[in-house]
Amino acid sequence: MSGSTITPWVVGNWKMNPMQSDSQQLIQSLKQYLQAGPIDVAQCRIAVAPTAIALLSVQQQLQDAAVEVLTVAQDLSRVAGTGAYTGEVSAELLKDSAIHYVLIGHSERRELFGDDVSQITAKVTHALNAGLQIIYCVGESLEQREQGLAEQVVLQQICDLSSVVKAEQWQNIKIAYEPIWAIGTGKTASPEDAQAMHEKIRAGLKQLTGYGQDIAILYGGSVKADNAEALAACPDINGALVGGASLQAESFYKIAQAFAQTKH
Ligand code: PGA
């Protein structure tokens, strides 16, 4: 039991997966788990982040789930509104389709698709101005950790965020700490290391905003059913951003269950 009053969030980041038929099975199976063992939304909020093309159909398929499962976009355009921007999906278009949540700054976007600080802050600005809630991802590389720079890198990413967030907008933000060396590698940060960084992030947030105590800080990076409980037991870990293990209903459900049981 952590004693935290923050409702944990467990978010499945499906990345560029799965094909439609597998997605339908995954949703069906997740709904069966939730039907057989509902997880109270006050104990843990469950969300999935499918590809942009699947957002609306997944949202539709989840509508009759025994427990509300939220649908999250994996990214959005750095351009706001509508217009001649081929291939882009803006904050306003997400909102217009009743997609109220979005990931921003995932390390795969930063490393592989050139999302730099100016693009990320533009995305944050547009998302918040459109009334979306964001899950803002931070995390250091292995090299940075080995050089003793982990804390500095992560806190700088929090400062980048704070440069564009207005006082009243902090309540629409969650943080996901995802050490890059732990993503998809099977290497999870130890609960102690993860907690230590979450505590630093929490301290940083408290300096920036009166909401600091209430902002959920999720952990991501090889979260699995068998390590979720130990992570959930840490006082400043308020949920998980789950990649690989979210593509199987059983493991994803068990991770949500671990957070729901530990945080009350
Ligand atoms: P992983 O991915 O759980 O497969 O490590 C986490 C993420 O990138 O969000």
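Numbers here are sequence positions counted from 1. First listed ligand is number 1; within each ligand, the first listed atom is number 1. Predicted, not measured: the structure shown is a model, and the values here were computed from it.
- Every atom of ligand 1 with a heavy atom of Ala182 under 4.0 Å away is listed here by number and element: 5 (O).
- Cluster annotation: Leu128 is connected to Ile175 through the hydrophobic network of ILVMFWY side chains, with a link wherever side-chain heavy atoms come within less than 4.5 Å.
- Annotation: atom 7 (C) of ligand 1 to nearest protein heavy atom, Glu178 OE2, 3.1 Å.
- Ala245 does not count as a contact of ligand 1, since none of its heavy atoms falls under 4.0 Å from the ligand.
- Considering backbone and side-chain N/O atoms, Lys15 comes within less than 3.5 Å of an N/O atom of ligand 1.
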Ring pair (Phe, Tyr, Trp, His ring centres under 6.0 Å) assessment of Trp14 paired with Phe252: CA-CA 11 Å; Trp14 291 0; Phe252 185 56; 8.2 Å; no
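- Within the 4.0 Å heavy-atom criterion, both parts of Ile183, backbone and side chain, lie near ligand 1.
- Between the side chain of Tyr253 and the main chain of Gly37, a donor-acceptor pair closer than 3.5 Å is present.
- Classification of the His198-Tyr219 ring pair by plane angle, with boundaries at 30° and 60°, yields tilted.
- Set against the non-hydrogen atoms of Gly244, the atoms of ligand 1 under 4.0 Å away are 1 (P), 3 (O), 4 (O).
- Considering backbone and side-chain N/O of Gly243, one or more are found under 3.5 Å from N/O of ligand 1.
- Taking distance alone, with nitrogen or oxygen atoms compared against 3.5 Å, Val242 stays at or beyond that limit from ligand 1.
- When each atom of ligand 1 is checked for a heavy atom of Gly184 under 4.0 Å away, the hits are 1 (P), 4 (O), 5 (O).
- Counting non-hydrogen atoms of neighbouring residues, nucleotides and ligands closer than 6.0 angstrom, the CD1 atom of Ile53 reaches no more than 12 such neighbours.
- Close approach of ligand 1 to Ser222 is summarised as follows: ligand atoms under 4.0 Å from at least one heavy atom of the residue are 1 (P), 3 (O), 5 (O).
- Residue contacts with ligand 1: His106 is included, with a non-hydrogen atom under 4.0 Å away.
- Assignment of Ala176 to the shell around ligand 1 is not supported, since no heavy atom sits closer than 4.0 Å.
- Within the 4.0 Å heavy-atom cutoff, Gly221 counts among the residues contacting ligand 1.
- Between the side chains of Glu199 and Gln195, at least one donor N or O lies within less than 3.5 Å of an accepting N or O.
- Other residues, nucleotides and ligands contribute at most 12 non-hydrogen atoms within 6.0 Å of the NZ atom of Lys254.
- A single hydrophobic cluster is not seen to contain both Leu34 and Val72; linkage of ILVMFWY side chains at heavy-atom distances under 4.5 Å, directly or through other members, places them apart.
- In this structure, Lys187 forms no cation-pi arrangement with Trp181, as its terminal cationic atom is not both closer than 6.0 Å to the ring centre and no more than 45° off the ring axis.
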